[in-house]
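This structure is a prediction, so every number in the text was calculated from the model and none was measured. Just follow the structure's listing: the first ligand is 1, and inside any ligand the first atom is 1.
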Amino acid sequence: MNDIAAARARLSPDEVARYRAEGYVIPRWCLAPAKLAFLRAALDRLLADNPTIRPEKLISAHIRKGPENTRGNDAFLEFAHDRDLLDIVEQVLGPDIILWGCQVFCKPAGDGMEVPMHQDGRYWPIRPLATCTAWIAIDDSRPENGCMRVIPGSHRQGHVYEHRKDTRPDLALDLVLEDGQLDPAAARDVELEAGQFSLHDVYLVHGSNRNRSTKRRAGVAIRYMPATSRFDRTLLQRQTRNEGYVVDFTTRPIWLVRGRDRAGNDFRVGKG
Ligand SMILES: O=C(O)CCC(=O)C(=O)O
């Protein structure tokens with residue numbers, strides 16, 4: 001893994017083609033051990049600072065004191081500016097990139113929650129709807145401990161499918177893909193070693209099973225959108241979900257991490 005990590009951060013043409021065709025890809029390139037250690041330390045701090053929040057729901061881990069309940073830390077914000085990671089994201093999003101979200105999904109051993117099948121696009125106030133998520137494995141992520149599962153190609157129509165509300169307390173998200181639209185048997189496991197990551201498209205249907213194993217499964221999802229889209233804070237209101245999990249897009253800060261803004265985005269909100 002070290003040789004690959006030392007090589008230039010780059011998706012091969014075949015990896016870019018797979019991302020376009022299937023809606024996700026696991027790049028051959030992965031994090032160097034020092035970067036993984038940096039993320040592990042950031043996660044340890046995040047967990048220590050947020051003892052009352054379910055660790056699958058650590059939204060805005062990159063914001064120290066935001067409108068949401070999580071007490072985040074600067075290490076995630078710094079990591080989200082990582083040049084290598086951005087070089088790779090640029091290959092799928094283009095040269096103008098906004099960082100707008102960073103959520104830790106940490107499933108403890110034994111009782112890690114299910115993330116029901118969903119499309120991210122169902123939740124987010126971005127128009128035109130576009131985002132590439134880099135989901136970075138901090139622990140090994142396998143079927144046994146609830147790795148991500150995706151329905152390859154489900155992004156292709158550029159369509160947000162019907163979702164229903166499901167408030168079962170053992171789900172990490174509360175909007176679930178309605179049955180009968182896609183074949184659940186088509187879901188594929190995204191197995192990652194710690195330090196590897198996947199990229200997925202905003203329209204890709206995905207989720208993950210609960211973790212009943214003896215091994216924790218933690219990952220951080222860093223959300224990037226092209227700066228040709230607008231983060232429209234008027235579209236969704238502050239929401240409180242199960243167990244007091246707060247999502248607030250109205251005052252969510254966003255960062256232009258590469259290139260130029262092309263859509264009139266406001267980068268001052270939430271940074272005061
Ligand atoms: O971590 C998981 O299992 C799910 C992640 C997810 O839904 C996302 O990153 O959009």
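Sorted by first and then second residue, the pairs that involve residues 30-40 and meet salt bridge (charged side-chain N to carboxylate O under 4.0 Å, His left out), not counting sequence neighbours, are Lys35-Asp82, Lys35-Asp84.
Asp49 is linked by a side chain to side chain contact (heavy atoms under 4.5 Å, CB included) to Arg45, Arg71, counting only residues two or more places apart in sequence or in another chain.
For ligand 1, residues of the protein lying within 4.0 angstrom by heavy-atom distance are Phe105, Val115, His118, Asp120, Trp135, Met148, His200, His206, Ser208, Arg217, Ala221, Arg223.
Taking the six-membered ring for Trp and the full ring otherwise, Trp255 and His62 have centroids separated by under 6.0 Å.
Grouped by direct or indirect side-chain proximity (heavy atoms under 4.5 Å, Ile/Leu/Val/Met/Phe/Trp/Tyr only), Val205 sits with Met117, Ile151, Tyr161, Leu177, Leu182.
Salt bridge present: Asp74 and Arg64 bring a charged side-chain N and a carboxylate O closer than 4.0 Å.
Between the side chains of Arg223 and Thr133, a donor-acceptor pair is found at a separation under 3.5 Å.
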